[in-house]
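Predicted model, so just to flag it, every value in this text is computed and none were measured. Just so we're on the same page: letters track the sequence lines, and every chain starts at 1. Both backbone and side-chain heavy atoms feed into the values below; hydrogens, waters and symmetry mates do not.
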Amino acid sequence: MKNQEIANIFYSIADILEMKEVEWKPIAYRKAARSIESLSKDIEEIYKQGGQKELEKIPGVGEGIAKKIIEYLNTGKIKEYEKLKKSIPVKVEELMNVEGIGPKKIILFYKKLKIKNLKDLEKAAKSGKIRKLPRMGEKTEENILKAIAFAKRAGKRKILGYALPIANEIVSKLKKLKEVNQIQICGSTVRKKETIGDIDILVTTKNPKKVMDYFTNMEGVERIVAKGPTKSTIVYNSIEVDLRVVNPNSFGSAVQYFVGSKEHNVVLRRIAISKGYKLSEYGLFKGNKKIAGKNEKEIYKRLGLKWIPYELRENRGEIEAAKKNKLPKLVEMEDILSDLQMHTRYSDGNNTVEEMVNACKKRGLKYIAITDHIGQLAVAGAMTSKEVKKQRKEIEKLNSKFKNFKILQGAEVDIKLNGSLAADKKVLKELDIVLAAIHSGLRRGKKEQTKRILSAIESGYVNIIAHPTGRLINTREGYELDWEKIFEAAKKNNVALEINAYPTRLDLNDIHAKAAKEADVMLSIGTDSHSVEHLRFLELGVYVARRAWCEKKNIINTLPLNRFKKKLGI
DNA sequence: GCCGTTTTCGGCCCGACTGTTTTCAGTCG
């Protein structure tokens, strides 16, 4: 899929045009980029099936941008983009990644200090050159250095929501080969970690050469890093993908080994030794005799353990639990009956209420919360109280048509700096469900943020705290919170904490969600969808819940509507 | 460069926050 590549180019074009002070076009390019990256269909397929006309049906894509997409699909380049890049020889993408840095600062830094990349920027900030520029000071430098440090730490890891579809795509391609017998995604991808270094795939086959030849020559391979009979590495959609061929007799032990995590495996091997065995990727051995290896379950059994779901293999107590047969029965996608955060055209979503509803019904959900913005988020097109009423009528009309599906009218309201809610109390009271979240003042300290959220929880109007830490994976660290206080208040006031399933958020993360679960706080999952294409992210929320040891009972989306309402007191 | 249930030309929803200023530019959402 070239969707993300193309979207990234349009983002860059927008940035460069903004540096050149071109009006309006940046907005248009960004809009197109946003809708292209959230397409669930391969843009190349769309073009192949419907040509330029079909491309122009993508919101924000018109004749000009459609032609550029076609140019890229055909030639791998966009001439105008190449021209723009040459006119300002700066690593725009790299610098834009630094929080607090935008096109205006980039062009200023380039013109005044010849800053072209991250390295130059760091040097300039460290040597105090930035503070001499107009409207810059010590604090600016400090913030830049902090942001660079974060960007460096995040490194080149890909987010799960990006890597997982690619892994699945490769697996489905490989499965079509009749030479491939068993196949399994391993590593952090199958453990559903929020970011992934590379994708590991294991296969068994009688014809390694054929499989490797196919793998390294598949459409979409950008680079072959290594190629051998048992292991090959390619770069595919800018992710490194390893394919390993193993013996069927060792498939289980190889999966065990390559799934990891490293910490989990270390403990497992120690247990093997204590029982007089040796565990490696080739099998479980007693002396020279292999006693298990074909399948994973057998290995765990021989070590006196129940089989452990991949998401738990982090050495966070799962091995002890497996020993005592006390592993949680993890929540599953099939248990989820609802999606509790999504937006429509009433605020900043791309689709109508009806379109969102139909897509959710198709996905087998039983009820949903429509949660458009209200409050001060102007750019997100926050609803006025008049619009809330209009939407209410529309929802009531739709609800009257359904027997086995219910739309709850909700809203996502801002928590202001002083902790008050940025909406009319009367409006909030009329809604079926209220989500509250921090959207501004993200850099405030732990004490202040905790106070803000506590006051939302205790307001008596709020049912769910949305994306509680405000983090954006690889982009922005969330603010700190005093979790003990938040959990206590949430429990006392019957407020749920959200696992936001949007790929770049996953907020709460696995660690915080697990702590919430242990504190007996309700958790909700919401996709934060801004178009029907986003609804598929629901599974990412389930993965976080699973990594957080959550069972069905911990997630309020698993409750049938009547029990859900009772539980929340709505 | 896109878009149209007020427009095929003329708009493109802006308000809060921060860090720098002493009236505001840049960034974020």
Per-pair distances, 0.1 Å, donor-acceptor, side chain in residues 440-448 of chain A, under 3.5 Å, sequence neighbours excluded:
unit_1 : atom_1 : unit_2 : atom_2 : d
A/R444 : NH1    : A/E448 : OE2    : 2.7

Q: Would you indicate what A/R444 reaches in the nucleic acid, counting non-hydrogen atoms under 4.0 angstrom: base, sugar-phosphate, or nothing?
A: sugar-phosphate
Q. Could a donor-acceptor pair under 3.5 angstrom be found where the side chain of A/R443 meets the base of B/dC17?
A. no
Q. Touch check for A/P59, heavy atoms < 4.0 angstrom, all strands: base, sugar-phosphate only, or nothing?
A. sugar-phosphate
(Q) According to salt bridge (Lys or Arg N to Asp or Glu O under 4.0 Å), does anything in residues 14-25 of chain A pair up with another residue at least two apart or in another chain? List the pairs. (A) A/D15-A/R30, A/E18-A/R30
Q. Quick one: is A/N143 getting a side-chain N or O under 4.0 Å of the B/dG19 phosphate, OP1 or OP2?
A. yes
Q: Remember a base hit wins even if backbone is also touched, and classify A/L472 as base, sugar-phosphate or nothing at under 4.0 Å, heavy atoms.
A: sugar-phosphate
Q: For the pair A/E5 and A/K2, find out whether any cationic side-chain nitrogen is under 4.0 Å from an anionic carboxylate oxygen.
A: no
Please list each protein N or O that sits under 3.5 Å from an N or O in nucleotides 5-8 of chain B, with the distance.
none

Q | Non-neighbouring partners of A/E63 that pass side chain to side chain contact (heavy atoms under 4.5 Å, CB included), sequence neighbours left out | A | A/Q52, A/E56, A/K67
Q. Between B/dT21 and B/dG26, how far is it from one P atom to the other, in whole Å?
A. 14 Å
Q. Paired with B/dT18: which nucleotide, if any, by Watson-Crick or G-U wobble criteria at under 3.5 Å for both distances?
A. B/dA25
Q.
Below the 4.0 Å mark, does B/dG1 have OP1 or OP2 next to a side-chain nitrogen or oxygen of A/K67?
A. no
Q) Quantified in whole Å, what is the C1' atom distance between nucleotide B/dT8 and nucleotide B/dG4? A) 8 Å
Q: Give, ordered by number, those residues of residues 4-18 of chain A having at least one heavy-atom distance below 4.0 Å to an atom of DNA chain B; if nothing qualifies, reply none.
A: none
Q.
Restricting to side chain to side chain contact (heavy atoms under 4.5 Å, CB included), what partner residues turn up for A/S531, sequence neighbours left out?
A. A/S38, A/N350, A/N351, A/E533, A/H534
(Q) Using a 4.0 Å heavy-atom cut-off, does A/P103 contact any base of the nucleic acid, only the sugar-phosphate backbone, or nothing at all? (A) sugar-phosphate
